[in-house]
Every structure is written in structure tokens, then in C-alpha cells.
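Worksheet: the structure to be examined is printed underneath.
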Amino acid sequence: SVPLAEVEQAARSAAEAAGLTVALTVDEPGGIAFDASGATSAALFGWLASLKTEYGVENRDLTVIENADATLDASGSLGG
């Protein structure tokens, strides 16, 4: 299990590397909630894949809405 502080740091680092803007907040029980608006599918799903392969951080929940301009709004929860 990845400690919560490491999950948050991994999420921030991987988002920056993917060029993705995400808002992160501590979520109960022991996870990190995220919100990403106006993301490309490549950035969003690349970020989630990177979290899994590079940091061992799992996506626990994911909601994705496609916008009229073909970008995505996504929210969910991450944990180690």
C-alpha cells in the first residue's frame, strides 16, 4: 500500500509530466480525489497509466464527461 502523501505527490508529478491540470484533495477512506477539466484523452489516460506503472497508484473510481470541444472533464479517486 502506498502512503497517502506519496499518492498525492505521485499524482502531482505525473500530471505535470502529462501536461494535465488536476485538483487534488484528500478523500476518505485513505485516498486522493481528483478533478481534471478540459483534458485531452491522451493526457488523462496517459496520466492514469503512468500512475499505475511508475508509482503503483490505482484509479479507484472514474467519471468522464466528453465536452463539445472533444476535451474531457474527469473526476475520481486514487489510492495505493
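Every heavy atom of this structure was used, including side-chain atoms; hydrogens, water molecules and symmetry mates were not.
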Where the side chain of [X] meets the backbone of [Y], is there a donor-acceptor pair that is under 3.5 Å apart?
{"X": "Asp69", "Y": "Thr71", "result": "yes"}
{"X": "Ser13", "Y": "Gln9", "result": "yes"}
{"X": "Trp47", "Y": "Ala11", "result": "yes"}
{"X": "Asp73", "Y": "Gly38", "result": "yes"}

Minimum heavy-atom separation for [X] to [Y], with atom names?
{"X": "Val64", "Y": "Ala74", "result": "CG2-CB, 4.2 Å"}
{"X": "Asp27", "Y": "Ala33", "result": "CB-N, 3.6 Å"}
{"X": "Ala39", "Y": "Leu44", "result": "CB-CB, 4.3 Å"}
{"X": "Ser77", "Y": "Asn59", "result": "O-OD1, 3.4 Å"}
{"X": "Tyr55", "Y": "Ala14", "result": "CE1-CB, 4.0 Å"}
{"X": "Ala43", "Y": "Ala18", "result": "CB-O, 3.7 Å"}

Separation of Ser75 OG from Asp61 CG (nearest 0.5 Å): 7.0 Å
Ile32 and Thr25, any side-chain heavy atoms less than 4.5 Å apart: no
Residues Arg12 and Glu8 bridged, charged N to O under 4.0 Å: yes
side-chain contact (heavy atoms from CB on, under 4.5 Å) between Val22 and Asp35, intermediate numbers included: CA-CA 5 Å; Val22 295; Asp35 256 319; over 6 Å; no
Test side-chain contact (heavy atoms from CB on, under 4.5 Å) applied to Thr40 and Leu72, step by step: CA-CA 6 Å; Thr40 65; Leu72 304 174; over 6 Å; no
